[in-house]
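Reminder, nothing fancy here: chain letters follow the sequence lines and each chain counts from 1. Every heavy atom of this structure was used, including side-chain atoms; hydrogens, water molecules and symmetry mates were not.
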2 protein chains.
Amino acid sequence: MAGEEQQFLQDYAPREYPSVALTVDLVVFAVTGSTLQAAFVRRGGHPFKGSLALPGGFVGPNEDALTAAWRELEEETGLDLGAHRAHVEQLATYSSPKRDPRMRVVSVAHLALLATDGRTLPALDPGTDSAAAQWLPVYEVLAQETLAFDHREILTAALERLAGKIEYTLAAARLLPGEFALYQLRRVYQAVWNTDKLDAGNFTRKMTGALHDTGRKVARGKGAPAAVFTVRDEYLSPPMIRPAAES
Amino acid sequence: MAGEEQQFLQDYAPREYPSVALTVDLVVFAVTGSTLQAAFVRRGGHPFKGSLALPGGFVGPNEDALTAAWRELEEETGLDLGAHRAHVEQLATYSSPKRDPRMRVVSVAHLALLATDGRTLPALDPGTDSAAAQWLPVYEVLAQETLAFDHREILTAALERLAGKIEYTLAAARLLPGEFALYQLRRVYQAVWNTDKLDAGNFTRKMTGALHDTGRKVARGKGAPAAVFTVRDEYLSPPMIRPAAES
DNA sequence: TCAATAGTGTCTTTCAGACACTATCTC
DNA sequence: GAGATAGTGTCTGAAAGACACTATTGA
């Protein structure tokens, strides 16, 4: 049986059961202030020369897609993942036969959340082989830019996944250091939902139920010092519903 | 550029950037009474001979994964999809290099919801090429059966996806005809969540907000006749939270 | 002192959950 | 009539949203 299948693959795979090139694409999110940013690459060659694209690359012969996503995250951004907390999860697979005009490429898109202090973005190293990766504000890119391949669809799906996920989990804390103040977490929510309608007091009450108060305080320029929290429960119950989109 | 890439693929793809065989696996759900059922195939050959497996098959050269899933749904179950309402969506992609011991197979798993009248299951045609597909109760299978490959993981993910999705959408109605009574919808929820803790009165109040009352009634053996509804809003807001698991 | 911010108090409204109750059907 | 079911009424408690208010900081 096994031998038969392998023989079959060898002889007929390209015709009957075509093999495909497998890649990963990455939507890497990070937050500065109240702005959601993502990592993009400017394409230097055809097709879609000059357009923005998502970082990504081929899946190796002995990797699964998630492992490849972590590797590409490190390679394409030049980030030291030992120093930067990060979270990577699978988003969806894009398999339209014509999504890459050159050949059949099936891509497993991944969502990556990079922890920052909420003020500065991790420096992206251009690396040697790829075009320079750069941080750009997500909502502005979606409003103004042309994206290569089906990367607009992927980016939109990633944003919607993240926006939905922080409704019922503390995934937003993945975009912050292990210890953080509530105003930082609130700014992450505002960045992802692209809104400023979050009442600070109500937000505090809602979140403290799922957080652990370290007892320490953080001084931050003006205003009273904020308490420092860590995540206690990964899930919010009941969930925190997004405010309706601005009119 | 394009020629260069194609040349590259032709020469080096199997070594450097290996191509993979792409398949779809299907988790096909349907409901009878208050029991959630799924379609399974009993494996006739090695590996995992004798174990239950999910239906699936290869993705064709000019198909995307969703199209292949629809085709396999029709082929493997022998269902007439013109007569049966169905909903298919992508679930997740499984790409562990060793998930199939014979060769590298990457599978895009799909979730399929088949509409029934809530009493009888659509007959599954064994077809000619594959082992006979059969309906089996999902929770019993998960408790007792051995599943081939990583199909237990896929089935669990599909169940969780469905259980979560009916919290904030009316996806449960995809398992029913276009017109249905509230007791039918309630049984779908009970089947998916494997619970009997749904209060009929409160369920009615909650759901009628998102449904359209056709004004007609359905007589059903004992009890008062139930009103016939159709879906009006696909989304439930606020969502309907699952009761905590039974202890 | 003043402005800014963190966090609490309070009130209202919404809604889930429990459960009684009525209406309507079959047997 | 008896039993079963559909749907409403009603009460309670939880929690979201609006917003006032206090406390604590830097300038």
Round to the nearest Å and state the distance from Asp196(A) atom CG to dA18(D) atom P. 12 Å
When rounded to whole Å, the CD1 to P distance for the pair Ile241(A) and dA18(D) reads 14 Å
Using atom CZ of Phe203(A) as one end and atom C1' of dA18(D) as the other, report the distance to the nearest whole Å. 17 Å
At what distance, to the nearest 0.5 angstrom, does CG of Leu111(B) lie from CG of Asp25(B)? 13.0 Å
So, Glu145(B) and Arg42(B), do they make that salt bridge, N to O below 4.0 Å? yes
Of all residues at least two apart in sequence or in a different chain, which pass the side chain to side chain contact (heavy atoms under 4.5 Å, CB included) check with Ala30(A)? Leu114(A), Thr116(A), Leu121(A), Trp135(A)
Atom-pair distance (CG on Leu198(A); C1' on dA6(C)), nearest Å: 16 Å
Do the ring centers of Tyr189(A) and Phe203(A) come within less than 6.0 Å of each other? yes
side-chain hydrogen bond (donor to acceptor under 3.5 Å, both in side chains) pairs touching residues 223-237 of chain A, sequence neighbours excluded, are none
How many whole angstroms separate atom CZ of Arg242(B) from atom P of dA16(C)? 16 Å
NZ of Lys206(B) versus C1' of dC15(C): gap in Å, rounded? 8 Å
Leu73(B) CG to Leu79(B) CG distance, which is reported to the nearest 0.5 Å: 6.0 Å
Summarise protein proximity over nucleotides 2-10 of chain D in one line of letters, 5' to 3': B for base, S for sugar-phosphate only, - for none, counting protein heavy atoms closer than 4.0 Å. --BBSSBBB
